Amino acid sequence: MKIVLDHLTKKFPGRGRKNPGEVAAVSDFTLEIPDGELVGLLGPSGCGKSTTLNMICGLETPTSGTIHFGDDDVTKLSPELRGVGMVFQNYALYPHLNVRQNILFPLENLRGKDRLSKEEMERRVSETARLVQIEDLMERKPKELSGGQQQRVAIARALVKFPRVLLLDEPLSNLDARLRLQTREEIRKIQKKTGITTVFVTHDQDEAMSICDRIAVMQNGVLMQQGHPQQVYDDPSCLFVAKFLGTPPINVFEGVVRGQTLYIGGQPVLPAGGVKDQEVFAAVRPEGFVLQSDGPLSCRLERVEVMGRDVSVISSHDACTGPAVRSIISAESRVDTASSTVRFALKPGKAFLFEKDSEKRVTVQQN
Ligand code: ADP
Ligand code: MG
């Protein structure tokens with residue numbers, strides 16, 4: 001089921017005398033989610049992810065704009081009639097019901113023509129339990145399950161009505177690190193197996209990048225960029241997106257373009273074809289540094305961390321806006337740890353320029 005969000009805006013009334021103005025939680029948000037894809041809504045806390053998801057499922061009504069599922073305009077439709085399955089951060093399983101009863105619950109509440117026979121309900125519950133691999137836990141109560149198992153029950157409960165759309169709001173936040181990794185793989189597997197169009201909300205870029213077909217990055221209620229994870233990583237449209245994606249994070253330098261050349265700390269570091277003279281932010285991915293004894297970017301060497309396959313070089317530079325320059329180079333290249341400086345050349349495809357004021361991307365002609 002294709003989902004189209006068209007110019008969605010949600011404003012909340014301000015609270016009290018101190019904040020009389022309205023809060024624009026989501027502003028003019030337009031996004032097309034292709035049928036069968038897993039799309040990640042990504043951004044820092046408070047950027048409007050949950051509000052967007054709640055509008056898709058019908059828990060919030062947009063102030064303006066429309067939502068379509070396929071050809072159906074569902075903007076004003078109540079949540080029960082939309083055919084969505086929803087999983088929240090706190091899975092909210094019924095503690096007094098066992099796993100089977102928890103999954104069965106949404107089906108027992110179907111009324112009228114949607115009502116299923118007892119056999120059909122049982123069949124669906126078994127099928128869904130098998131899908132998320134909890135068949136052996138059906139008689140247990142939620143408190144007798146691990147966090148990961150509880151989360152799978154919550155997903156089964158969302159899937160049992162065979163929804164047209166699956167919506168997940170920070171579903172992994174309550175799990176410990178290892179289980180988070182494992183469960184995100186499982187969500188991906190379940191999504192692939194069912195082919196159900198899924199929107200996955202997270203503030204964790206690594207999580208979104210690793211399992212999503214497509215990501216949509218938000219800031220202050222505004223969609224900043226959307227696309228395939230690698231595409232957005234390789235071609236960020238603004239400094240915010242460049243900084244939000246990637247671990248270790250991108251390194252941001254104050255730079256200046258003069259005569260179609262980028263200077264950092266007064267040294268010419270890269271060609272900047274077609275760019276007019278201006279001050280810029282120059283952002284370099286950790287993998288964008290090449291160790292080179294006569295390289296133009298001279299940094300103070302702080303320390304070297306060997307990580308097996310790679311070496312992480314931590315240095316500093318006066319033009320860097322962060323406390324440290326983090327570069328990752330292959331383990332074969334030798335860093336002279338006795339030296340107080342380390343010199344780099346930069347890879348053009350891994351360094352991006354942004355306008356100083358708007359922080360929008362400045363396109364460099366590559367040739
Ligand atoms: P996220 O899920 O990305 O953390 P939310 O969508 O929950 O962000 O919130 C976006 C903004 O809208 C925040 O500033 C939040 O305080 C505000 N907000 C969310 N829900 C309400 C509400 N019911 N009333 C007033 N403000 C709200
Ligand atoms: Mg939220």
Side-chain angles (χ1 to χ4, degrees), residues 3-31 33 38-67 74-76 78-79 82 84-93 147 150-151 154-155 158 165-175 180 183-184 187 198-212 214-227 229 232 236-246 249:
I3 305 173
V4 179
L5 312 178
D6 194 18
H7 297 287
L8 271 192
T9 293
K10 179 67 185 182
K11 291 180 182 162
F12 291 109
R15 290 199 194 93
R17 232 182 312 159
K18 269 200 187 144
N19 310 298
E22 292 177 315
V23 182
V26 177
S27 302
D28 201 27
F29 189 110
T30 294
L31 180 69
I33 298 169
L38 173 58
V39 173
L41 267 189
L42 178 63
S45 176
C47 74
K49 305 180 295 294
S50 295
T51 305
T52 305
L53 205 70
N54 291 341
M55 287 193 281
I56 300 175
C57 84
L59 292 174
E60 296 281 5
T61 313
T63 308
S64 58
T66 60
I67 304 166
V74 300
T75 315
K76 301 233 161 67
S78 69
R82 290 195 189 192
V84 294
M86 183 103 182
V87 179
F88 297 96
Q89 176 177 340
N90 51 344
Y91 341 111
L93 298 177
Q150 290 184 29
Q151 189 55 292
I155 294 170
V165 170
L166 180 63
L167 304 174
L168 305 159
D169 193 350
E170 311 246 8
L172 309 179
S173 309
N174 289 355
L175 306 180
R180 216 156 45 218
T183 312
R184 80 185 190 197
I187 288 178
T198 302
V199 184
F200 179 91
V201 162
T202 179
H203 63 271
D204 182 337
Q205 59 89 24
D206 185 42
E207 207 164 276
M209 298 274 287
S210 60
I211 65 168
C212 294
R214 196 176 288 266
I215 55 172
V217 187
M218 293 181 76
Q219 181 191 26
N220 298 331
V222 177
L223 174 64
M224 302 305 284
Q225 191 172 359
Q226 66 93 20
V232 179
S237 64
C238 62
L239 186 59
F240 172 79
V241 171
K243 282 161 81 170
F244 201 74
L245 302 183

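Counting starts at 1 for both ligands and their atoms, in listed order. Keep in mind it's a predicted model, so treat the numbers as computed, not measured. Counting from 1, the numbers follow the sequence of the chain as shown.
- Although no hydrogens or angles enter the test, the distance criterion places a donor-acceptor pair under 3.5 Å between the side chain of Arg82 and the main chain of Val74.
- Annotation: atom 9 (O) of ligand 1 to nearest protein heavy atom, Thr51 OG1, 3.8 Å.
- Checking only distances, Cys47 does come within under 3.5 Å of ligand 1, N or O to N or O.
- A side-chain donor-acceptor contact under 3.5 Å links Lys49 to the backbone of Gly43.
- With hydrogens and angles ignored, the 3.5 Å screen pairs no side-chain donor or acceptor of Gln205 with any backbone N or O of Leu42.
- Panel note: side chain Gln225, backbone Ser237; a donor-acceptor pair is recorded below 3.5 Å.
- Looking at atom 27 (C) of ligand 1, its nearest protein heavy atom turns out to be Phe12 CD1, 3.3 Å.
- With Gly43, Ser50, Ala25 as candidates, the residue nearest to atom 7 (O) of ligand 1 on a non-hydrogen basis is Ser50.
- For the residue pair Ala208 and Thr202, the shortest heavy atom distance occurs at CB-CG2, 3.8 Å.
- Here Thr51 fails the criterion, with no N, O or S atom under 2.8 Å of the Mg ion (ligand 2).
- Ligand 1 has at least one atom lying under 4.0 Å from a heavy atom of Gly48.
- Considering both main-chain and side-chain atoms, Glu60 never comes within under 3.5 Å of ligand 1 through any nitrogen or oxygen pair.
- Contact check for Phe29 versus Met218: side-chain heavy atoms found under the 4.5 Å cut-off.
- Geometrically, ligand 1 and Gly46 share a nitrogen or oxygen pair separated by less than 3.5 Å.
- Remark: the backbone N or O of Ser27 is not paired with any side-chain donor or acceptor of Lys10 at under 3.5 angstrom.
- Within 4.0 Å of atom 23 (N) of ligand 1, at least one protein heavy atom is present.
- For Thr183 (side chain) and Arg180 (main-chain N/O), no donor-acceptor pair under 3.5 Å exists by modelled atom type.
- With hydrogens left out, the protein atom closest to atom 25 (C) of ligand 1 is Arg15 NH2, 3.2 Å, a heavy atom.
- Remark: atom 15 (C) of ligand 1 lies closer than 4.0 Å to no protein heavy atom.
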